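The chain is numbered in sequence order, starting from 1. Nothing here was measured: the structure is a model prediction, and the numbers come from that model.
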Amino acid sequence: PRKWNPITGCPKLHEENGRIVGCKTPDGYSYCYQADMCNRFPKIHKPEYRFHEDRIYQINFDKPSIVAVGTSGDFPAYFWKNNSEDITEKMLELVEKMKNTFRHFFIFLTRFPENYFKSSDNIGIGATVTKIQEIDRIRELKNHPAFMRWIMLEPLFMSYEEVKSLSNDIFEGIDWIVVGALKHKNKKLQERWRPEERTIWELIGKARSTETKVFLKNSILKTHSVFSVFAGGIEYGARFREYPPQFYQWAEEMEILDDL
């Protein structure tokens with residue numbers, strides 16, 4: 001998908017011992033990409049929230065596109081963090097602009113799903129869930145009427161026992177789950193938190209019971225060859241690279257189904 005960042009920054013970003021850190025592994029290691037960018041390029045990337053009015057018109061892509069909104073920040077959380085009536089009004093205008101730009105399909109992702117706005121038929125809303133303690137985000141997401149709902153299970157820190165303990169209808173009302181493993185420059189840390197194969201199968205089983213589509217990211221396919229058509233993850237099978245039906249519906253209406 002295309003990326004569009006009228007909002008940057010996240011309430012999870014903060015300073016510790018002179019460095020910006022964000023979300024952490026269960027054993028306390030920061031893995032946040034945006035935190036790394038803030039440390040590497042502090043003049044360009046800032047941890048605090050910023051509303052970039054000049055980026056509003058960058059939405060005019062040449063052809064109909066799936067647009068990931070706020071990949072460098074948490075867009076819905078901005079409503080919760082921001083106290084400026086003027087900025088909130090501009091944000092709502094921005095949302096209305098997206099709702100009226102039907103040639104694009106916008107997808108959102110947040111760690112604060114309780115802050116979602118009213119959606120429309122060209123907007124998909126999602127929540128990040130990495131640990132069992134965050135599972136209520138799925139239930140919170142279901143409280144919001146939406147054309148498409150999805151869950152990002154990346155990086156997945158849940159054990160097999162924790163996933164198995166979830167109800168079989170946990171993904172009822174969720175159209176799509178995306179599953180990925182931790183990606184980190186510390187390879188030992190990455191290996192320590194690599195999900196077990198049976199954990200992935202358990203997630204797939206629960207998704208299948210509610211007809212929820214499943215997309216396994218390369219971080220899973222390349223380390224668990226059983227999920228690929230051929231061993232070693234050389235060629236990926238469509239069986240676990242699914243997209244929600246709403247994507248196809250939109251693409252058919254835009255006459256770009258072959259490009260999806």
For the atom pair [atom1] ([X]) and [atom2] ([Y]), what is the distance rounded to the nearest 0.5 Å?
X      : Y      : atom1 : atom2 : answer
Glu253 : Glu255 : CD    : CD    : 10.5 Å
Lys24  : Cys32  : NZ    : SG    : 11.5 Å
Glu114 : His144 : CD    : NE2   : 7.0 Å
Asp136 : Lys142 : CG    : NZ    : 11.0 Å
Lys131 : Leu153 : NZ    : CG    : 14.0 Å
Ile7   : Arg55  : CD1   : CZ    : 9.5 Å

Are [X] and [Y] close enough that a side-chain donor and a side-chain acceptor fall under 3.5 Å?
X      : Y      : result
Ser165 : Glu161 : no
His52  : Thr8   : yes
Asn218 : Arg241 : yes
Thr110 : Asn115 : no

Exactly one candidate in Leu182, Thr130, Ile200 meets side chain to side chain contact (heavy atoms under 4.5 Å, CB included) with Leu156; the answer is Ile200

Does this structure show an ion pair linking [X] with [Y], if we count only N-O contacts that are shorter than 4.0 Å?
X      : Y      : value
Arg137 : Glu134 : yes
Glu202 : Lys206 : yes
Lys46  : Glu48  : no
Asp27  : Arg192 : yes

Would the [X] and [Y] ring centres measure less than 6.0 Å apart?
X      : Y      : result
Phe240 : Phe215 : no
Tyr31  : Phe157 : yes
Trp4   : Phe108 : no
Trp250 : Phe102 : no

May I ask whether [X] and [Y] are part of the same hydrophobic cluster, defined by side-chain heavy atoms of I, L, V, M, F, W, Y residues being less than 4.5 angstrom apart, directly or through others?
X      : Y      : value
Ile135 : Trp193 : no
Leu109 : Tyr243 : yes
Ile132 : Ile174 : yes

Which heavy atom of [X] sits nearest to which heavy atom of [Y], and what is that distance?
X      : Y      : value
Glu154 : Ser219 : OE2-OG, 4.2 Å
Ser120 : Lys99  : OG-CG, 3.4 Å
Arg103 : Pro64  : O-CB, 3.0 Å
Phe112 : Lys12  : CZ-CE, 4.2 Å

Near [X] [atom1], under 6.0 Å, is it more than 12 heavy atoms from other residues, nucleotides or ligands?
X     : atom1 : result
Glu16 : CD    : yes
Tyr33 : OH    : no
Arg19 : CZ    : no

